[in-house]
Amino acid sequence: MFNRFLKRKAAIVENTDPDRIFVENVRSFFNIPTRWARFLCDMAVRQGILRKKYSIECGNEECGRIIKSYDRKSDIPEKIVCRTCELEGYPKFEFETDKLNIVEYYQYIENGK
Ligand SMILES: [Zn+2]
């Protein structure tokens with residue numbers, strides 16, 4: 001039982017990018033409800049272990065790239081331009097951010113950097 005847990009833990013750590021930690025990673029890691037996982041992440045942010053990030057996804061389905069990432073929700077502008085879509089010649093490349101998908105995740109802060 002314990003061995004299985006250790007194996008699982010190693011697999012999850014291996015598959016988790018320290019720059020992109022999702023609440024779901026933490027949830028499955030500790031096998032706890034999402035709400036608790038979110039709470040743990042937010043606590044880690046207050047303790048300076050993790051940094052919360054907000055990534056804006058492009059609204060063109062063919063693109064779907066992360067246009068830009070922000071540290072604070074309040075830093076997100078009202079409008080954003082996807083340079084990739086602009087270069088690709090898509091008719092729509094400027095978006096209102098409140099209509100876009102915002103991906104929330106956490107970054108591990110190494111040595112308080
Ligand atoms: Zn785009």
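This is a predicted model, so every value here is computed, not measured. Order of appearance sets the numbers: ligands from 1, and atoms from 1 within every ligand.
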- Between the side chains of Tyr54 and Ser69, does any donor sit under 3.5 Å from an acceptor? no
- Message: Under a 4.0 Å threshold between the charged nitrogen and the carboxylate oxygen, would Glu104 count as salt-bridged to Lys52?
- Response: yes
- Message: Surrounding CD of Glu78 (heavy atoms of other residues, nucleotides or ligands, distance under 6.0 Å), is the total greater than 12?
- Response: no
- How about Asp42 and Tyr106: does a side-chain donor come under 3.5 Å of a side-chain acceptor? yes
- Item | Single-linkage hydrophobic cluster, 4.5 Å side-chain cutoff, Ile21 and Leu40 together | yes
- Message: Is there a side-chain contact (heavy atoms from CB on, under 4.5 Å) between Val23 and Arg38? Walk through the geometry before answering.
- Response: CA-CA 6 Å; Val23 168; Arg38 192 177 299 278; 4.3 Å; yes
- Query: Counting only protein atoms, how many N/O/S atoms are less than 2.8 Å away from the Zn ion (ligand 1)?
  - Reply: 4
